[in-house]
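The structure appears right after this line, and notes come after that.
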Amino acid sequence: QVQLVESGGGLVQAGDSLRLSCVASGRTFNTYAMGWFRQAPGKEQEFVATISWNGGRTYYADSVKGRFTISRDNARSTGYLQMNSLKPEDTAVYYCAATYGVSYYTTRNEYDMWGQGTQVTVSS
């Protein structure tokens with residue numbers, strides 16, 4: 001298994017950009033699919049984006065499609081979530097997750113490794 005540590009969150013204004021990073025420990029990062037989820041206050045955790053083990057396939061929630069880009073650098077054992085044109089409704093704690101597999105995965109139950117989360121706050 002790997003341990004995941006997110007960073008890059010912060011307080012920004014609507015329309016700004018942020019890039020979240022997720023650094024994984026361990027030497028088998030390139031055998032895991034990765035995902036990003038978020039949880040806003042008082043709401044359930046929701047899927048944001050996912051990427052396959054080699055970066056060849058990605059999938060996004062409709063709410064972020066065209067604004068967010070998920071990517072990974074297996075040589076650095078790091079995953080990224082580039083967030084552009086941020087909106088106040090993007091405010092949440094963002095979590096990266098990983099699971100062993102060759103596909104990509106969109107539900108939280110499919111992931112068995114999670115980071116601690118990083119806060120993103122978008123002011124209007």
pair D90-M83: side-chain heavy atoms closer than 4.5 Å: no
Beyond-backbone contact of W36 with E6, side-chain heavy atoms, under 4.5 angstrom: yes
Verdict with supporting geometry, K65 and D62, salt bridge (Lys or Arg N to Asp or Glu O under 4.0 Å): CA-CA 5 Å; K65 200 174 296 182; D62 288 343; 3.1 Å; yes
Nearest non-hydrogen partners of I70 and M34, listed with the distance: CD1-O, 4.2 Å
Side-chain touch Q119/T91, heavy atoms, less than 4.5 angstrom: yes
Cluster check Y60, W53: I/L/V/M/F/W/Y, side chain < 4.5 angstrom: no
In one Ile/Leu/Val/Met/Phe/Trp/Tyr side-chain cluster, 4.5 Å: L18, V48: yes
Nearest heavy-atom neighbours spanning V93 and G117: CG1-CA, 3.9 Å
Over 12 non-hydrogen atoms of neighbours within 6.0 angstrom of CD in Q39: yes
Given Y105, Y95, W114, the one that forms ring pair (Phe, Tyr, Trp, His ring centres under 6.0 Å) with F37: W114
Reported OG1-to-CG distance for the pair T78 and L4, which is rounded to 0.5 angstrom: 10.5 Å
Exercise: identify the closest heavy-atom pair between A40 and A92: N-CB, 3.8 Å
Residue among T50, T106, T99 satisfying side-chain hydrogen bond (donor to acceptor under 3.5 Å, both in side chains) with Y111: T50
Nearest-0.5 Å distance, OH of residue Y80 to SG of residue C96: 12.0 Å
Straight-line distance of S77 OG to R72 CZ, nearest 0.5 Å: 9.0 Å
Within-4.5 Å side-chain heavy-atom neighbours: R38 and S63: yes
Rounded distance [0.5 Å steps], OH in Y94 versus SG in C22: 15.0 Å
Closest heavy-atom pair and its distance - S17, N84: OG-OD1, 2.9 Å
Closest approach of V2 to Y32 (non-hydrogen atoms, all atoms of both residues): CG1-CE1, 4.0 Å
Closest contact, heavy atoms only, A14 versus P88: CB-CD, 4.1 Å
Atom pair CZ (R67) and OG1 (T69), whose distance is rounded to the nearest 0.5 Å: 11.0 Å
Contact check, side chains of F68 and L86, non-hydrogen atoms, under 4.5 Å: yes
V5 and Q3, any side-chain heavy atoms less than 4.5 Å apart: no
Gap separating the OH atom of Y100 from the CE atom of M113, nearest 0.5 angstrom: 11.0 Å
